[in-house]
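Okay, structure first, notes after.
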Amino acid sequence: MTITDIAPSVFETVESEVRSYCRAWPVVFERATGSRLYDEQGRPYLDFFAGAGSLNYGHNNPVLKRALLDYLADDGITHGLDMSTTAKRDFLKTFRSTVLEPRALPYKVMFPGPTGTNAVEAALKLARKVTGRETVVSFTNAFHGMSLGSLAVTGNAAKRAGAGVSLHHATRMPFDHYLGDRVPDFLWFERLLDDPGSGLDHPAAVIVETVQGEGGVNVARAEWLRGLSELCRRHDMLLIVDDVQMGCGRTGDFFSFEEAGITPDIVTLSKSISGYGLPLALCLFRPELDVWEPGEHNGTFRGNNPAFVTATAALDAYWRDGALRERTLGRADRVEGALLDLCGGDGRAGLAVRGRGLVWGLEFADGERAEAVCRRAFELGLLLETSGPRGEVVKLLPPLTATDDELDEGLGILARSVRHATGRLAA
């Protein structure tokens, strides 16, 4: 298929230049179901983007949609700030019984504004309030959101530049594998903590993603995460796990840190917690950290009741047993094998595969090649995005509910796109 330029429209003339995804996928989408979106002409696109991880259960999941439609038809509360509602009560009870209690997690649940970055802001504020300290340690290539506090602990230079002001009270440390395993884990970090002459103020907390999605699908080893947790405990620092994109089953377990056997002090969730793509975010923390004054962190849309309804339906449908977890882990092997075969057939230096569960990255030598692959995949009917500091990684985020045939279809299109794009760029 040949992509032709769309004539100037309301998107170009009215909407801000800040728009991004619509530039990579220059069609007008009209509807979506399951693992596919459809444009105005009815052409289907297999979705290996999944709303940047917000649609783990696919588009318009019928179980979630039925619950939402029934709630709206009964004039259920749509907007309720943080008032007590039946929808919130049902969600809290279900979240406790399906997620917290089976994992022996004692967390209190806070509803900040309904975005991932607001959950991160709440986590940072709480850590500083509890400890009385300002500095938060984050990691190279981290991404935690676009508001000022979240940007301060984000590594991407281009995104940080958009702040317009200096970003303070954060210190960067090397993520797992960042130094090529030439230096023992946390050698530099602990040396700074132990040395009163290092200039590092005693941190309030450390914030980490177990898999850096926007940073290039960089996967932290379980032993590295355990070492980080122990380091935080030894040095009286709170451990915050940002599970905004990797939580809700993306890596197999409901929380991405479960594999490492750690219990963070604070956890942030958003994206797929509502299950339906509706805005919702949670900040979870140990009960003894619940030192908030009433209304000290609030927001007009911190109680999204329709999202509570779909979140409850998602938990009931997918997390009462381990079926989705086992299915996701089994498909991880399937995807990894296909990508490794693709790398072996290409034979180009620098092409690498990494991932967990159903988040995978295919790294190229440069961003031009990765972008060419995504562009060709779109022409063939597959939605992919790039990630990494130079856009050098093609990221795969298929819905957890995609069928085996859909996975194979997407992987086949990816293989064809890689051959086409690398061949053209080498010519």
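Just so we're clear, the structure is a prediction, and the values are computed from it rather than from any experiment. No hydrogens, no waters, no symmetry mates; every other heavy atom, side chains included, goes into these values.
Summarising the geometry of Pro399 relative to Asp47, their closest heavy-atom pair is CD-O, 3.2 Å, with the distance given to 0.1 Å. What you find for Ala87 and Val309 is that their closest heavy atoms are CB-CG2, 4.0 Å.
Ring geometry for Phe139 against Phe175 counts as perpendicular: the plane angle is over 60°, on a 0 to 90° scale with 30° as the lower cut. Using cut-offs of 30° and 60° on the angle between ring planes, the pair Phe95 and Phe91 is parallel.
Note on Glu392 versus Arg369: no salt bridge recorded, every NZ/NE/NH1/NH2 to OD/OE distance being 4.0 Å or above. Electrostatic pairing of Arg334 and Asp408 counts as a salt bridge here, judged by a charged N lying under 4.0 Å from a carboxylate O. No salt bridge links Arg128 with Glu134; every basic N to acidic carboxylate O contact stays at or beyond 4.0 Å. A salt bridge does not link Arg103 with Asp253: every distance from a Lys NZ or Arg NE/NH1/NH2 to an Asp or Glu carboxylate oxygen is 4.0 Å or more.
Taking the six-membered ring wherever Trp is involved, the centroid distance between the rings of Phe186 and Trp224 falls below 6.0 Å. Checked against the 6.0 Å centroid threshold, Tyr107 and Phe285 do not count as a close aromatic pair. Ring centroid separation for the pair Phe111 and Phe308 comes in under the 6.0 Å cut-off. Checked against the 6.0 Å centroid threshold, His59 and Tyr276 do not count as a close aromatic pair. When ring centroids are compared, Tyr178 and Trp188 stay outside the 6.0 Å threshold.
Between the side chain of Thr131 and the backbone N or O of Ala127 there is at least one donor-acceptor pair closer than 3.5 Å. Panel note: side chain Arg36, backbone Tyr45; no donor-acceptor pair is recorded below 3.5 Å. Formation of a donor-acceptor pair under 3.5 Å by the Asn218 side chain with backbone atoms of Gly215 is found in this model. Remark: the backbone N or O of His169 is not paired with any side-chain donor or acceptor of Thr135 at under 3.5 angstrom. Arg354 places no side-chain N or O within 3.5 Å of a backbone atom of Leu362 that could act as its donor or acceptor partner. Formation of a donor-acceptor pair under 3.5 Å by the Gln245 side chain with backbone atoms of Ala52 is found in this model. Using a distance-only test at 3.5 Å, with no hydrogens or angles considered, no donor-acceptor pair links the side chain of Thr268 to the main chain of Ala119.
Applying the salt bridge (charged side-chain N to carboxylate O under 4.0 Å, His left out) definition to pairs two or more places apart or across chains, those involving residues 165-177 are Asp176-Arg221.
Both tests pass for Arg31 against the ring of Tyr38: distance under 6.0 Å to the centre and angle within 45° of the axis.
Of the N and O atoms on the side chains of His235 and Glu190, at least one donor lies less than 3.5 Å from an acceptor on the other residue. Side-chain contact, Arg327 with Thr401: no donor N or O sits under 3.5 Å from an acceptor N or O. A side-chain N or O of Thr210 and one of Ser256 form a donor-acceptor pair less than 3.5 Å apart. Side chains of Ser147 and Thr117: a donor on one and an acceptor on the other come within 3.5 Å.
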Practice problem: Given side-chain hydrogen bond (donor to acceptor under 3.5 Å, both in side chains), test Asn305 with Thr85 step by step and report yes or no. | Solution: CA-CA 8 Å; Asn305 283 265; Thr85 65; 2.5 Å; yes

Practice problem: Take Leu329 and Thr251 through the test side chain to side chain contact (heavy atoms under 4.5 Å, CB included) and record every step on the way to the result. | Solution: CA-CA 8 Å; Leu329 294 177; Thr251 63; over 6 Å; no

Quiz item: Where do Glu336 and Arg331 land on the salt bridge (charged side-chain N to carboxylate O under 4.0 Å, His left out) test, with the steps shown first?
Solution: CA-CA 8 Å; Glu336 182 179 24; Arg331 285 158 164 214; over 6 Å; no

Exercise. Take Arg250 and Thr328 through the test side-chain hydrogen bond (donor to acceptor under 3.5 Å, both in side chains) and record every step on the way to the result.
Key: CA-CA 8 Å; Arg250 177 52 59 181; Thr328 299; over 6 Å; no

Pairs of donor and acceptor atoms involving the side chains of residues 384-391, under 3.5 Å and at least two apart or interchain, shall be tabulated with distances.
| unit_1 | atom_1 | unit_2 | atom_2 | d |
| --- | --- | --- | --- | --- |
| Glu385 | OE1 | Tyr21 | OH | 3.2 |
| Glu385 | OE2 | Lys395 | NZ | 3.2 |
| Ser387 | OG | Gly213 | O | 3.2 |

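By the side-chain contact (heavy atoms from CB on, under 4.5 Å) test, Thr403 pairs with Asp405, Glu406, sequence neighbours left out.
Atoms CD1 and CD1, from Ile207 and Ile266 in turn, are 8.5 Å apart once rounded to the nearest 0.5 Å.
Between Lys159 and His144 there is no side-chain heavy-atom pair separated by less than 4.5 Å.
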